[in-house]
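A short worksheet on the structure shown next.
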Amino acid sequence: MGTQFGKGCHLHLIDGSAFIFRAYHALPPLTRKSDGLPIGAVSGFCNMLHRYVEGNSGPDAPTHVAVIFDKGSHTFRNDLYDQYKANREAMPEDLRPQIPLTRKATEAFNIACKELEGYEADDIIATLSCQARDAGGRVTIISSDKDLMQLVGDGVEMLDAMKNKRIDVDGVREKFGVGPDRVVDVQALAGDSVDNVPGAPGIGIKTAALLINEFGSLEALLDRADEIKQPKRRETLIEKRDQIELSKRLVQLDCNTPLDFTLDDLEVKDPDPETLLGFLAEMEFRTLTRRIADALGAEAPVITDAPADVPDAPGSTAPEWPAIDASKYECVRDMDRLRDWIARATDKGWVAVDTETTGLNEMRADLVGVCLSIDPGAACYIPLTHKAGGADDLFGSDDLAEGQIPLNDALDALKPLLEDPAVMKIGQNMKYDAKVLRRYGIDVAPIDDTMLMSYAMHGGEHSHGMDFLSEKYLGHQPIPIKELLGTGKSQITFERVPIDDAVKYAAEDADVTLRLWHLFKPQLHKAHVTRVYEGLERPLVPVLTRMEMAGIKVDRDTLSRMSNAFAQKMAGLESEIHELAGEAFNVGSPAQLGDILFDKMGLEGGKRGKNGKYSTGADILEDLATEHELPRRVLDWRQLSKLKSTYTDALQDHINPDTGRVHTSYSIAGANTGRLASTDPNLQNIPVRSEEGRRIREAFVAEPGKVLVSLDYSQIELRILAHIADIEALKQAFREGQDIHAATASEMFGVPLDEMTPDVRRQAKAINFGVIYGISGFGLARNLRIPRAEAQGFIDRYFERFPGIKTYMEETTAFAQKHNRVETLFGRVIHTPEINAKGPRAGFAKRAAINAPIQGTAADIIRRAMVRMDDAIAGLPAKMLLQVHDELLFEVEEGAVDDLIAAARDVMQGAAEPVVKLDVPLIVDAGKGANWAEAH
DNA sequence: CCTGTCACG
DNA sequence: GACGTACGTGACAGGG
């Protein structure tokens, strides 16, 4: 052992990605029994590794071995050619979570596992092959990928593990018609549809080989292309020379990848039975565990058959868990202890993580401490930047408290753990912690999030905050943060909390989170929401993290000027209003306004709300406006007041001084239907409907040299309704690209499309939206300002023309009444706990139940688009900034606008597939401009 | 802290 | 027959 790689050595290089895909496609979609984790590909992968190891006896056995994986979707080839591998299908959603597990499997077999950001596995294989060959050793590449055939020769061979067929120089010649040294020339000409390498159109492998053999090399061929007799072929070679040369650079493997290890690190090692069997048992591979235990002469660990017994009732925790006891948590104050925790977490494969900070704004808050928890009851707090002097120290020293690991030392130690692909990081609302840590240079991954698990399983049932979940599912009330920080004016920040108190609070949070994870993880499967969680909730965390941290540039001067203009106009309106009223009062007070309108002025139609005050909503003032001038003035004043206070004033306070941009925060688990919600500030309700309001969007601008691009789904909810309720007439109208509201009106009222009046169309539009909302005669009447009976007549006629809609509404409410939930097309569950209630609440629940699958499916679709978007635009100088339910807003360099629109539109229009094949096309409209008003 | 109002999809 | 209703959000101001 320990000899240097050289003559007599034999290196095996396994193409890990090929193994994974083979395993995935060869096996049915197996899941782990206890929790439903998809596991088919990992199982096949382990079987293949095992078979490989078993077959490695004899004189030809390798002395060195490594499994090589791809890493990152963007490589230097994408820089050469942005369409490289662009038509690759997205990774199946149930495969993605298995990828890190195959790395872990490789390590469990004690085989070196190598990858390099920005490089394909093929390049690493090429580099190692060259190194091994130059050192005088032999190489076997275990793969059947033709892209690797250029490496064969001089002691380098390939082995197709499936067919157990060796590929040597003759094998390559058989496949390509040329020797390995000319394989890239042939590939450059023939191209590759799988990797989207263009090549020379009309020339395949056969012709390419013929030409290369005739001219000797690609360069000679291109230089002497005019000698070719066939005119078509000659022209192609001359015209497409650039494209062919680019293709060669794409297929040419890089033998000089910067590796951070040497061949000697790849020496064959025997597996450690305990590690390997432990991993296999954790995966619950019964047969394979037994087989390998036999082969190793070790005892097979017991894998229980029963799924983990998970209590659903509050307070009934698993019996082996210790009680939650805040006095038992460790305070980590030196590097030795920290390293110990990190080692234990790495070994375990998962760790609950919670950060403590100076505030709730992730873009501004500073890190104060980090907590880890590995087992129920085993949690620690690592204080980092607590200040000396307690909460009652009025002058609060700025010196750091004693006994804390220097921040940078701790972060350096934590970074490998938090970024380790083989260790699951568990959090409650992990986006918060990920954003904070991202500002300290740490990219937390992979992650699980108990808040999102609860959301996937219990959406609509209850909230998903940690305190609530702990109380309900663990029967434990965590220490309220108020006890540490106080409230109101005397509130302190976490850095002022004495470390001893902080340990109890913070470590408890990590402990609770870990316990919730243990409870929830196996339940996802039973609740049939694994796909939803894995595909629609969890992957959004890194996407939103990037969007929120990018922020959007907002021009303060524009807002400030508008504020002043609004203030002036409001002052003018206010004095007019006072004049009309005959006295001064607070226009902004609905109570005072009501008294003026209905008591003092004696206008008709005063309705008192439940607090005994007159109602003065916009619809009421609108009605009064025909009788008196004052209500119109109030309406105008209110509009300006809204625009000023909520937008032109408040938005300025949200401009981050460090970035000059506004960073919203999206809550993933905020809305019942699966929609996102935007807070601090809400950038999903920036005015657009009124001309005056829309101008606020002029303050949302692109950086110099860049453009804002907006893409939005056209009528997505109506399209989904047409699909779900299966309304042929609507589907047809969408397929033909008709104006859907006009088509509806035509169908309902028998008016030909070319005779349609705006008013009839408007009514049909109101009905279409009403249907999505769970239509009622009252609601439609109010919206259209028509008598209730007339509205009911419209609805009746609508149902007559589109009976499928009525059926959908009835079936959906019946389903909800029976199951207490409804579902989207993608399996998102929305609970409807009020559906069987008595009284008006049932009506609310019914309409919500009708609306939820439609709104929710639309929400799922744009979530899918967002999850795929990063990969789709990876090669472009563009960033996704905002989501507004059916719209995505990007900031992109001017030159790349068209490319971005094409790429993003593709993703959005195809976002339902392959899980759902809609009967209607999804159409995405695009706009661009220097600001959001122009782009939208 | 709750309510009314109003901005968005 | 009466009851109150279009679906989903978040922010701000007023008023107790």
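Each chain gets a letter, A, B and so on, in the order the sequences are listed, and its residues count up from 1.
- Of the residues listed (A/Arg785, A/Lys607, A/Arg782), the one engaging A/Asp623 in a salt bridge (Lys or Arg N to Asp or Glu O under 4.0 Å) is A/Arg785, and it is the only one.
- A/Ile686 comes within 4.0 angstrom of the backbone, heavy atoms only, and of no base.
- For the pair A/Arg847 and A/Phe844, the cation-pi criterion (under 6.0 Å, within 45° of the ring axis) is fulfilled.
- Between the C1' atom of C/dG14 and the CZ atom of A/Phe585 lies a distance of 14 Å, rounded to the nearest Å.
- Contacts of A/Ser615 with the nucleic acid, taken as non-hydrogen atoms under 4.0 Å apart, involve only primed sugar atoms and P, OP1 or OP2.
- Nucleotide C/dA11 holds its P atom 16 Å from the CD1 atom of A/Ile696, rounded to whole Å.
- Summarising the local packing, CZ of A/Arg841 is surrounded by 12 or fewer heavy atoms from other residues, nucleotides or ligands at distances under 6.0 Å.
- At a threshold of 4.0 angstrom between heavy atoms, the contacts of A/Glu717 with the nucleic acid are absent.
- The closest donor-acceptor contact from the side chain of A/Ser667 to the backbone of A/Ala669 lies at 3.5 Å or more, if one exists at all.
- Which of B/dG9, C/dG15, B/dT5 sits closest to the side chain of A/Val884 comes down to B/dG9.
- Side-chain atoms of A/Arg788 and base atoms of C/dT5 include a donor and an acceptor less than 3.5 Å apart.
- Around CD of A/Gln568, the count of heavy atoms belonging to other residues, nucleotides or ligands within 6.0 Å does not exceed 12.
- Per the geometry, CG belonging to A/Leu889 stands 15 Å off C1' belonging to B/dG9, to the nearest Å.
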Query raised in the report: Could you go step by step and tell me if A/Leu559 and A/Tyr647 meet the side chain to side chain contact (heavy atoms under 4.5 Å, CB included) rule?
Result: CA-CA 8 Å; A/Leu559 291 179; A/Tyr647 301 105; 6.0 Å; no
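- Between B/dG4 and C/dT5, the two P atoms lie 11 Å apart (nearest whole Å).
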Query - Watson-Crick and G-U pairing of DNA chain C written in dot-bracket, each distance under 3.5 angstrom, with | for inter-strand partners - result: ......|||||||||.
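- Between A/Ser690 and B/dA7, a side-chain N or O to OP1/OP2 separation shorter than 4.0 Å is absent.
- For A/Asn586, the listed nucleotide lying nearest its side chain is C/dG15; candidates were B/dG9, C/dG15, B/dC6.
- Judged by distance alone, the side chains of A/Gln855 and A/Thr673 do bring a donor and an acceptor atom under 3.5 Å apart.
- Contacts of A/Pro687 with the nucleic acid, taken as non-hydrogen atoms under 4.0 Å apart, involve only primed sugar atoms and P, OP1 or OP2.
- For A/Ser690 and A/Gln639, the side-chain atoms include at least one donor-acceptor pair closer than 3.5 Å.
- Taking the centre of each ring, A/Phe749 and A/Phe794 come in below the 6.0 Å mark.
- Applying the 4.0 Å criterion to OP1 and OP2 of B/dG9, one finds that A/Gln883 has every side-chain N and O outside that range.
- Comparing the P positions of C/dA6 and B/dC6 gives a spacing of 14 Å, expressed to the nearest Å.
- Spacing between atom CG of A/Asp619 and atom P of B/dC6 amounts to 8 Å, rounded to whole angstrom units.
- The residues A/Arg788 and A/Glu790 are annotated as not salt-bridged, no charged nitrogen and carboxylate oxygen being separated by less than 4.0 angstrom.
- Protein atom CD of A/Gln639 is 23 Å distant from nucleotide atom P of B/dG4, rounded to whole Å.
- Across the protein-nucleic acid pair, A/Gln592 atom CD and B/dG4 atom P stand 16 Å apart, rounded to whole Å.
- Side-chain contact annotation: A/Tyr455 with A/Asp449, donor-acceptor N/O pair under 3.5 Å absent.
- Considering only side-chain N and O atoms, A/Arg689 lies nowhere under 4.0 angstrom from the phosphate OP1 or OP2 of B/dA7.
- Residues A/Thr744 and A/Asn768 have side chains that bring a donor and an acceptor to within less than 3.5 angstrom of each other.
- Residues from residues 797-821 of chain A lying near DNA chain B, meaning a heavy-atom separation below 4.0 Å, are absent.
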Report all interatomic pairs (protein N or O, nucleotide N or O of nucleotides 6-10 of chain C) with separations under 3.5 Å.
| from | atom 1 | to | atom 2 | distance (Å) |
| --- | --- | --- | --- | --- |
| C/dA6 | OP2 | A/Arg782 | NH1 | 2.9 |
| C/dA6 | OP2 | A/Arg782 | NH2 | 2.8 |
| C/dA6 | O5' | A/Arg782 | NH2 | 3.2 |
| C/dA6 | O3' | A/Arg847 | NE | 3.1 |
| C/dA6 | N6 | A/Ala766 | O | 3.1 |
| C/dC7 | OP1 | A/Arg847 | NE | 2.8 |
| C/dC7 | OP1 | A/Arg847 | NH2 | 3.2 |
| C/dC7 | O2 | A/Gln855 | NE2 | 3.4 |
| C/dG8 | O4' | A/Gln855 | OE1 | 3.4 |
| C/dG8 | O4' | A/Gln855 | NE2 | 3.2 |
| C/dT9 | OP1 | A/Asn672 | N | 3.0 |
| C/dG10 | O4' | A/Asn682 | ND2 | 2.9 |

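- Side-chain atoms of A/Thr664 and A/Ser678 form a donor-acceptor pair, as typed in the model, at a separation below 3.5 Å.
- For the P atoms, the distance linking C/dA2 with B/dT5 amounts to 27 Å, nearest Å.
- The base of B/dG4 does not come close enough to the side chain of A/Arg638 for any donor and acceptor atom to sit less than 3.5 Å apart.
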Report task. Take A/Asn820 and A/Thr832, measure what side-chain hydrogen bond (donor to acceptor under 3.5 Å, both in side chains) needs, and give me the verdict at the end. Result -> CA-CA 5 Å; A/Asn820 269 309; A/Thr832 57; 4.6 Å; no
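- In this structure, A/Ala650 reaches the sugar-phosphate backbone alone: every heavy-atom distance under 4.0 Å involves primed, P, OP1 or OP2 atoms, never a base.
- If you check every strand for non-hydrogen atoms under 4.0 Å, A/Glu887 touches nothing.
- Rounded to whole Å, atom P of B/dG9 lies 13 Å from atom CG of A/Leu683.
- At the phosphate of B/dG4, neither OP1 nor OP2 sits under 4.0 Å from any side-chain N or O atom of A/Ser589.
- Distance, A/Leu640 CG to C/dA13 C1': 16 Å, rounded to whole Å.
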